[in-house]
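Quick notes on the structure that follows.
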Amino acid sequence: MTEMRLFCVCQRWAFNRLLEGVSRYEIKKVGQELFGLNSRHTDDARLRAQALLDSQKDLLGLETEETEKKLGSARHQAINSCNRPSTFKIFGLSHIVQGYPPDKPTSVRSPMFRVPLSASFRPHRCR
């Protein structure tokens with residue numbers, strides 16, 4: 001039980017040292033002294049920490065791609081959510097999608113939107 005606890009602590013410690021850029025040899029040497037584990041256990045803890053770090057980097061790329069797809073879909077739905085392009089909902093959502101704050105109305109200069117310049121942001125449900 002104690003060895004498993006020390007192995008897990010060594011793995012977490014090795015993960016943090018890898019983030020700092022410490023070499024494999026240094027992690028192995030210092031880890032043996034700190035945790036009282038043999039060379040193989042210390043190296044296994046470092047390898048598991050390295051595998052965790054590599055998988056996090058891979059997953060970050062996948063997560064970024066998924067988020068971009070979801071944002072594109074949300075933008076498309078925001079613009080095409082109502083049948084009538086002159087409704088306030090289209091104006092309000094397109095306003096937000098274009099990066100304007102929702103509390104400050106700004107005219108949208110696009111032929112797709114036929115909203116009077118006096119219109120302000122008011123949430124509206126499509127019928």
Side-chain angles (χ1 to χ4, degrees):
M1 188 72 161
T2 303
E3 274 190 44
M4 188 63 187
R5 182 179 54 84
L6 289 173
F7 179 81
C8 291
V9 172
C10 182
Q11 182 180 344
R12 186 175 65 235
W13 175 83
F15 180 83
N16 290 327
R17 299 299 80 79
L18 287 171
L19 290 177
E20 293 171 359
V22 179
S23 70
R24 172 184 178 251
Y25 175 76
E26 192 69 29
I27 290 173
K28 193 172 181 179
K29 179 182 169 188
V30 176
Q32 286 177 356
E33 295 171 8
L34 274 176
F35 303 105
L37 297 173
N38 63 26
S39 173
R40 194 190 91 209
H41 285 120
T42 307
D43 201 38
D44 286 346
R46 184 200 57 84
L47 283 172
R48 289 184 77 173
Q50 182 67 51
L52 181 64
L53 190 62
D54 292 342
S55 68
Q56 285 182 348
K57 287 179 182 178
D58 292 342
L59 287 174
L60 181 63
L62 293 173
E63 188 69 28
T64 303
E65 288 175 19
E66 280 186 34
T67 303
E68 288 296 326
K69 287 179 186 176
K70 288 178 184 177
L71 281 174
S73 176
R75 286 184 183 116
H76 181 72
Q77 287 178 0
I79 291 172
N80 297 323
S81 63
C82 289
N83 294 331
R84 297 173 294 153
S86 62
T87 60
F88 290 109
K89 182 174 183 182
I90 292 284
F91 174 75
L93 291 175
S94 67
H95 192 72
I96 293 169
V97 167
Q98 291 179 6
Y100 298 110
D103 55 317
K104 294 183 180 178
T106 305
S107 62
V108 178
R109 305 230 185 260
S110 172
M112 191 171 118
F113 302 105
R114 308 229 185 265
V115 179
L117 295 177
S118 61
S120 63
F121 176 76
R122 286 182 276 163
H124 177 73
R125 287 187 162 172
C126 293
R127 295 179 204 150

A side-chain contact here means heavy atoms from C-beta on lying under 4.5 Å apart; do Leu18 and Gln50 qualify?
yes
Atom NZ in Lys28, atom OG1 in Thr42: separation rounded to 0.5 Å?
8.0 Å
Hphob cluster co-occupancy, Tyr25 + Leu19, side-chain heavy atoms under 4.5 angstrom
no
Distance col, row Leu53:CG vs Phe15:CZ, nearest 0.5 angstrom, shows 5.0 Å
Considering only distance and modelled atom types, tabulate donor-acceptor pairs under 3.5 Å from the side chains of residues 64-73, sequence neighbours left out.
residue	atom	partner	partner atom	Å
Thr64	OG1	Leu60	O	2.8
Thr67	OG1	Glu63	O	2.8

Once ring pair (Phe, Tyr, Trp, His ring centres under 6.0 Å) is applied, do any residues pair with Phe35, and if so which ones, sequence neighbours excluded?
Trp13
Quick one: pull up CG in Asn38 and CD in Gln32 and give me the separation to the nearest 0.5 Å.
7.5 Å
Joining Ile, Leu, Val, Met, Phe, Trp and Tyr whenever any side-chain heavy atoms lie under 4.5 Å apart, the cluster holding Leu62 also takes in Leu59
Are the side chains of Arg24 and Arg46 in contact, using a 4.5 Å heavy-atom criterion?
yes
For Thr2, enumerate each residue passing the side chain to side chain contact (heavy atoms under 4.5 Å, CB included) test, keeping only those at least two apart in sequence or located in another chain.
Arg5, Leu6
Test salt bridge (Lys or Arg N to Asp or Glu O under 4.0 Å) applied to Arg40 - qualifying residues, sequence neighbours left out
Asp44
With sequence neighbours left out, what residues match Arg12 under salt bridge (Lys or Arg N to Asp or Glu O under 4.0 Å)?
none
With sequence neighbours left out, the residues meeting salt bridge (Lys or Arg N to Asp or Glu O under 4.0 Å) with Asp54 are none
What residues, two or more places apart in sequence or in another chain, satisfy side chain to side chain contact (heavy atoms under 4.5 Å, CB included) together with Glu26?
Val22, Ser23, Val30
More than 12 heavy atoms of other residues, nucleotides or ligands under 6.0 Å from CZ of Arg48: is that the case?
no
Ring pair (Phe, Tyr, Trp, His ring centres under 6.0 Å): pairs with one or both residues in residues 49-73, sequence neighbours excluded:
none
Glu3 meets the side chain to side chain contact (heavy atoms under 4.5 Å, CB included) criterion, sequence neighbours left out, with His41
